[in-house]
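Quick caveat, the model's predicted, so the values are computed rather than measured.
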Amino acid sequence: MSGDEGKAFCALRCDSAAMERFAIFLTMLESENERQNLVSTASLADAWTRHIADSLQLLDHVPRETSPWLDMGTGAGFPGLVVALARPDLDVVLVESRKRRVEWLEHVCERFGLAKCRVVGARLETIETIPAGVISARAFAPLEKLLRLSARFSTPTTTWLLPKGRSAAQELNEQSQAIQAMFHVEQSATDPDAAIIIGHGRPPET
């Protein structure tokens, strides 16, 4: 998917106000990336696809009003901050332990008045348990560790959205039969070499 295709992909899913927020956000991201390494410099040339559309596609997999949305190890804000920019009405919790990235996330939330997007500047292991409607994580941890750390936030109705690269199917195949029954792999809509591990409920081992 080219940059123009990525932008068109987003435009089909968002109103004009959200598209304007994304455009401003990408300018902010490029500027901040000169101060701290939020994303690879190469990815900025294709940011609409690599960061915005790639994150936004996750909304296709959940009922519209599902919340709160818990994004673990959100880094520069993907996918959770993009979700909040697209849907300011949703309760979104961004978990990030690195101080400078926390400051960046808070700055973006303030800039756009994202009153329902909360930044938690701590390690996932140390934060209070909240029942999440959606749990997402991009490049946070291998699947087994991710599930172990985050299972306490899940409920019987939680939707899991875990973008992965080429390793998605292999990582899922390495899990127990119970976990394999709970999750499945879907092709990414924005990257032919990537996939999303999607699941529903609470991991049975917890």
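Residues Trp69 and Asp91 fail the side-chain proximity criterion, which asks for heavy atoms closer than 4.5 Å. Using a 4.5 Å heavy-atom cutoff, the side chains of Val93 and Phe153 are not in contact. Between Glu171 and Asn173, the closest side-chain pair of non-hydrogen atoms is not below 4.5 Å. Contact annotation: the side chain of Phe25 approaches that of Phe112 to within less than 4.5 Å [non-hydrogen atoms, C-beta and beyond]. At a threshold of 4.5 Å between non-hydrogen side-chain atoms, the residues Ile135 and Thr159 do not count as touching. The shortest distance between side-chain heavy atoms of Thr190 and Glu5 does not fall below 4.5 Å. The shortest side-chain heavy-atom distance between Asp71 and Val83 does not fall under the 4.5 Å cut-off. Counting only heavy atoms from C-beta outward, the side chains of Leu38 and Leu29 approach each other to under 4.5 Å.
Across all their heavy atoms, Glu96 and Thr74 have their closest contact at OE1-N, 3.7 Å. Residue Leu81 comes nearest to Ala76 through the heavy atom pair CD2-O, 4.0 Å, listed as atom of the first residue, atom of the second, then distance. Closest non-hydrogen pair, Leu58 versus Leu161, comes out as O-CD1, 3.5 Å. Scanning all heavy atoms of the two residues, the minimum distance from Leu147 to Pro203 falls at CD2-CG, 4.5 Å. Taking every heavy atom of both residues into account, Met72 and Leu146 meet most closely at CE-CD2, 3.7 Å. Shortest non-hydrogen contact noted between Ile52 and Cys10 is CG2-SG, 3.5 Å.
In this structure, Glu125 contributes its side chain and Leu149 its backbone to no donor-acceptor pair below 3.5 Å. At distances below 3.5 Å, not a single donor-acceptor pair connects side-chain atoms of Arg101 with backbone N or O atoms of Gly75. Using a distance-only test at 3.5 Å, with no hydrogens or angles considered, a donor-acceptor pair links the side chain of Ser43 to the main chain of Ser40. Counting only distance, with no hydrogens or angles, the side chain of Trp160 and the backbone of Gly201 share a donor-acceptor pair below 3.5 Å. The closest donor-acceptor contact from the side chain of Thr27 to the backbone of Ala23 lies under 3.5 Å. Remark: side-chain polar atoms of Lys116 are paired, donor with acceptor, to backbone N or O of Asp89 under 3.5 angstrom. Between the side chain of Ser167 and the backbone N or O of Gln170 there is no donor-acceptor pair closer than 3.5 Å. Panel note: side chain Glu186, backbone Ile198; no donor-acceptor pair is recorded below 3.5 Å. Proximity of a side-chain donor or acceptor of Thr158 to a complementary backbone N or O of Thr155 within less than 3.5 Å is detected. Proximity of a side-chain donor or acceptor of Ser55 to a complementary backbone N or O of His51 within less than 3.5 Å is detected.
Summarising the geometry, atom CD1 belonging to Ile197 is positioned 11.5 Å from atom CE belonging to Met182; distances are rounded to the nearest 0.5 Å. Here the CG atom belonging to Leu26 is positioned 9.0 Å from the NZ atom belonging to Lys7, to the nearest 0.5 angstrom. Remark: Leu114 CG to Leu85 CG distance equals 5.5 Å, nearest 0.5 Å. Distance check: Cys117 SG to Leu90 CG gives 10.0 Å after rounding to the nearest 0.5 Å. Note: Glu110 CD to Leu105 CG = 13.0 Å, rounded to the nearest 0.5 Å. To the nearest 0.5 angstrom, Arg98 atom CZ is 14.0 Å from Trp104 atom CH2.
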Begin from the C-alpha positions of Glu106 and Val102 and carry the test side-chain contact (heavy atoms from CB on, under 4.5 Å) through to its verdict. CA-CA 6 Å; Glu106 291 175 338; Val102 169; 3.7 Å; yes
Report the C-alpha separation of Asp54 and Arg138 in whole Å, then their side-chain angles, then the decisive distance to 0.1 Å, and conclude whether the salt bridge (charged side-chain N to carboxylate O under 4.0 Å, His left out) test is met. CA-CA 10 Å; Asp54 186 67; Arg138 185 173 94 163; 2.8 Å; yes
For Arg118 and Val120: C-alpha separation, side-chain torsions, deciding distance, then whether side-chain contact (heavy atoms from CB on, under 4.5 Å) applies. CA-CA 6 Å; Arg118 179 163 62 99; Val120 179; 3.6 Å; yes
Chi angles and distances behind the side-chain contact (heavy atoms from CB on, under 4.5 Å) call for Val134, Ser67: CA-CA 6 Å; Val134 179; Ser67 70; over 6 Å; no
Determine whether Phe140 and Leu162 satisfy the following criterion, side-chain contact (heavy atoms from CB on, under 4.5 Å), listing intermediate values before the conclusion. CA-CA 9 Å; Phe140 174 64; Leu162 311 173; over 6 Å; no
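Side-chain contact of Thr129 with Arg152: a donor-acceptor pair under 3.5 Å is present, judged by distance alone. Using a 3.5 Å distance cut-off with no hydrogens or angles, the side chains of Gln36 and Asn33 do not pair a donor with an acceptor.
Heavy-atom contacts from other residues, nucleotides or ligands closer than 6.0 Å to CD of Glu144 number 12 or fewer. Heavy atoms from other residues, nucleotides or ligands lying under 6.0 Å from CD of Glu30 number 12 at most.
Glu32 and Arg35 are joined by a salt bridge, as a carboxylate oxygen and a charged side-chain nitrogen come within less than 4.0 angstrom of each other. We find that Arg50 and Asp191 are not joined by a salt bridge, their nearest charged nitrogen and carboxylate oxygen being 4.0 Å or further apart. Taking a cutoff of 4.0 Å between a charged side-chain nitrogen and a carboxylate oxygen, Asp60 and Arg13 qualify as a salt bridge.
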